[in-house]
Amino acid sequence: MKRPEIAEVRDLLDYEPSTGEFRWRRRAAARVRAGDIAGCERDGYWQLCVKNGRVLGHLVAWAIHYGEWPAGEVDHINGIGTDNRIVNLRLASRHQNMRNTRRRSNNTSGIKGVSWRSDSQRWRATLRTAGGRLYLGSFDSVDAAADAVQRARAAHHGEFARHD
């Protein structure tokens, strides 16, 4: 979908950068009054219907605050897709944004990047990088594997490192 002009978005919406909240500036539809909260949560993100199309709230927040649509992706620093406070948003490449993901729900060790190898009866530590998967070693304890993967993540992912 083509993004609406920022002037049109600013004409329709008020954005509060300290809370990340959007409100309608004027009546926008039959059931929408000026001052009503704009948008709703869908698929883990705040979404708004603007000019007959859906737009993600963090993109709208960025556009209203900075006066331009983001060139790349916008990352939620705390990993909460509905938290559109401007202090929680930063520009990111696709790789950087993927580094800031939470532990997958099917993770059985409870630690991102650590898995149990039943064939060797040891804990394996791995890290995803832009070049693929980096093998960090095999460890006797889950704590040693977790320490190795967290140190490597901090070194490789920098400010986008997420350990949970």
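Every heavy atom of this structure was used, including side-chain atoms; hydrogens, water molecules and symmetry mates were not.
Without hydrogens or angle criteria, Asn88 side chain to Asn78 main chain gives a donor-acceptor distance under 3.5 Å. A distance-only check finds a donor-acceptor pair linking the side chain of Arg122 to the backbone of Ser138 [under 3.5 Å]. Judged by distance alone, with hydrogens and angles left aside, the side-chain atoms of Arg10 form a donor-acceptor pair with the main-chain N or O of Ile64 at under 3.5 Å. Remark: the backbone N or O of Pro4 is paired with a side-chain donor or acceptor of Trp69 at under 3.5 angstrom. A donor-acceptor contact shorter than 3.5 Å is absent between the side chain of Asp14 and the backbone of Arg23. Remark: side-chain polar atoms of Gln96 are paired, donor with acceptor, to backbone N or O of Ser93 under 3.5 angstrom. No donor-acceptor distance shorter than 3.5 angstrom exists from the side chain of Arg26 to the backbone of Leu13, with no hydrogens or angles considered. With His58 contributing its side chain and Arg85 its backbone, the two residues share no donor-acceptor pair below 3.5 Å.
The distance from the OH atom of Tyr135 to the CG atom of Leu127 is 14.0 Å, given to the nearest 0.5 Å. Rounding to the nearest 0.5 Å gives a distance of 11.5 Å between CG of Leu134 and CZ of Arg153. Note that NE2 of His157 and CD of Gln150 are 12.5 Å apart. Values are rounded to the nearest 0.5 Å.
At a cut-off of 3.5 Å, with distance as the only test, a side-chain donor of Asn84 or His76 sits close to an acceptor on the other residue. Ser109 and Asn107 share a donor-acceptor pair across their side chains, judged by distance under 3.5 Å alone.
Shortest non-hydrogen contact noted between Leu136 and Ala148 is CD1-O, 3.9 Å.
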For residues 34-50, dump all side-chain donor-acceptor pairs below 3.5 Å to protein atoms at least two apart in sequence or in another chain.
{"from": "Asp36", "atom 1": "OD2", "to": "Arg33", "atom 2": "N", "distance (Å)": "2.9"}
{"from": "Trp46", "atom 1": "NE1", "to": "Ala38", "atom 2": "O", "distance (Å)": "2.9"}
{"from": "Gln47", "atom 1": "NE2", "to": "Arg42", "atom 2": "O", "distance (Å)": "3.4"}

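Applying the 6.0 Å contact sphere to CD of Glu5 captures no more than 12 heavy atoms from other residues, nucleotides or ligands.
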